[in-house]
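The block underneath contains the structure these notes are about, expressed in structure tokens.
Letters A, B, ... mirror the listed sequences (proteins, then strands); counts begin at 1. Only this structure's heavy atoms are used, side chains among them; waters, hydrogens and symmetry mates stay out.
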Protein chains: 4
Amino acid sequence: MSFSNTEPRLLPCWEAEVLISKTRVNGPGPLGVRNVVPITGGTFKGVLAPESADPRPFKGVVLPGGFDLQRERRDGVKELEAIYHMQTDDGVTIEIRNHAMVVKDETGQPTYRRSHIRVEAPEGPYAWLNTRFFLGTVESARPGEMVIIRSFVAV
Amino acid sequence: MSFSNTEPRLLPCWEAEVLISKTRVNGPGPLGVRNVVPITGGTFKGVLAPESADPRPFKGVVLPGGFDLQRERRDGVKELEAIYHMQTDDGVTIEIRNHAMVVKDETGQPTYRRSHIRVEAPEGPYAWLNTRFFLGTVESARPGEMVIIRSFVAV
Amino acid sequence: MSFSNTEPRLLPCWEAEVLISKTRVNGPGPLGVRNVVPITGGTFKGVLAPESADPRPFKGVVLPGGFDLQRERRDGVKELEAIYHMQTDDGVTIEIRNHAMVVKDETGQPTYRRSHIRVEAPEGPYAWLNTRFFLGTVESARPGEMVIIRSFVAV
Amino acid sequence: MSFSNTEPRLLPCWEAEVLISKTRVNGPGPLGVRNVVPITGGTFKGVLAPESADPRPFKGVVLPGGFDLQRERRDGVKELEAIYHMQTDDGVTIEIRNHAMVVKDETGQPTYRRSHIRVEAPEGPYAWLNTRFFLGTVESARPGEMVIIRSFVAV
């Protein structure tokens, strides 16, 4: 199958090294097993508006105090809802909602780790982030310590 | 900027011709101007698991009775939350939540029409849809009558 | 246990007779069994700002085209997310999101049928609805045909 | 207006003293001004199933690492979405989502501070919390330092 035109593309936008601490296992609830991964800090760097004639680099830190709310569904898929903030090096705070799914095969190997990312930024130099959808990847860099999130803008 | 590996890709998954009726203008509310576009029917066709060695075609109809809840934000972006159901030709009902943004330039021309799509399908031949994220495009085929939604799976 | 002051109270606000059609059984999905109840019409009447010195009656119809998305959780509780619109007799459209839970005892008798209701109204005479939380009851008046929703404002 | 029977009532369920730190002002975004209040700890105590023949006391601490995401809407109402966890003294973690509205009069005095509270608890002694809706009050005990949340179960 192929669609004639206006095919959307994904362009790299930012990469975050997100520091985490020990997972808290809340246990089985009405919609699945609930775990919480506290987010304790990190850094990010990337480029705004990579599709435009005027891409602009941006970078900064991940603020401590967010978390990743995880739910193991009954079909075995793990859903993640990470809510946290990134602060740019010029002092602007950006809210991140990263809704991910981790699918594993019979051996427990992850075969799919993607996410939908929504961003809420204040008016000003980062407002472009409010006007795009993002698609993310999730990679465990150091299990239990650091996760790498890559975000691609869908253009 | 480029990321080394595991770059996500978008593959065409399904295309829906969604029939709509006249927009109801609810008016300005606390989070923006609210409009509702009733969804009255339509058709779809596509392919499940296009990334796999065993892609399977699927098709069917859009059930009447859904809607697209639209909100014009104060930054001029129109957010759309379309909720409706598709029924496959073997009788399975699939729930669609299509969260779109339409961004326009100063002349009113749309410069960005993309969406995040989440699907909820019952167990069985369509359960693959529960395990992937989708990225959509929105195209007005016949203004006020039909919208074309193309959905790409992020793999 | 009792709390000293500022005890919240519930005051009757509106009652809706919501007409429904046959439940569509989507089947078991990743978060529970999914059913959909189409909403086909109805009427409502009530009073705005019942806590104030100036309560004002309001009434109108339930617009066809909404639905109640139901999910049977693995703990046996049925969660309902009803999304529909009510139109006042002076032509204003009000969006309703009614999130209910139905809990049953061992014999299948419902022991709890309550809901959280959020309202989105346009600016003007009904804007008060945007500024309050509501607590609802759900009663099956004619099984498969009509549901009575009573909404109480929390003041 | 009055409704004949099955009038819902609110019963005191728990009270939390939630410690907060300095508000971070993110600034005006596409849906309103965004502020974040970090949640740094606290305590709670209350009673489970107060409507039953067998109410049971429960208590514990508020875990650090949550936050209250605030949005000032264009109609002047402040919406709050607090997400945090409480841990009981027997080691069970309970997730809280407290969606509040603060309405002020012309002089800036709050005239309405109520919330919808959803709870997600694991199976076991606290599972009752998954089966009820709660209505909350929000009171600033020590501005910028401590908020008192009272939660009432709707029965």
What I'd like to find out is whether the side chain of A:Val147 reaches to under 4.5 Å of the side chain of A:Glu139, using heavy atoms alone.
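No, every pair of side-chain atoms sits at 4.5 Å or beyond.
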
Checked D:Ala127, D:Pro122, D:Gly91 vs chain A; the most non-hydrogen pairs under 4.5 Å come from D:Pro122

For the candidates D:Gly27, D:Gly29, D:Gly65, which exhibits the highest count of non-hydrogen atom pairs separated by less than 4.5 Å from chain A?
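Between D:Gly27, D:Gly29, D:Gly65, the count favours D:Gly65.
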
Side chain, backbone, both or neither: which part of D:Asn26 has an atom under 4.5 Å from a heavy atom of chain A?
both

Chain A contact via D:Ile39 - side chain, backbone, both or neither, heavy atoms under 4.5 Å
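It is neither, since no heavy atom gets under 4.5 Å.
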
Set out, in order, the CA-CA distance, both residues' side-chain angles and the distance that settles side chain to side chain contact (heavy atoms under 4.5 Å, CB included) for D:Thr137 and D:Arg114, then state yes or no.
CA-CA 5 Å; D:Thr137 65; D:Arg114 296 287 180 259; 3.4 Å; yes

Measure from the ring center of D:Phe67 to the ring center of A:Phe67 and say whether it is less than 6.0 Å.
yes

From the list D:Val102, D:Val77, D:Asn35, side-chain contact (heavy atoms from CB on, under 4.5 Å) partner of D:Glu72 resolves to D:Asn35

Taking atom CD1 of A:Ile96 and atom NE2 of A:His85, what is their separation to the nearest 0.5 Å?
9.0 Å

At a heavy-atom separation under 4.5 Å, does A:Pro28 approach chain D through its side chain, its backbone, both, or neither?
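Both parts, backbone and side chain.
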
Less than 4.5 Å to any heavy atom of chain D: does that hold for the side chain of A:Glu120, its backbone, both, or neither?
side chain

How far apart are the closest heavy atoms of A:Pro50 and A:Val153, and which atoms are they?
CG-CG1, 3.7 Å

Counting heavy-atom pairs under 4.5 Å to chain D, which of A:Ile83, A:Val92, A:Val33, A:Leu31 comes out on top?
A:Ile83

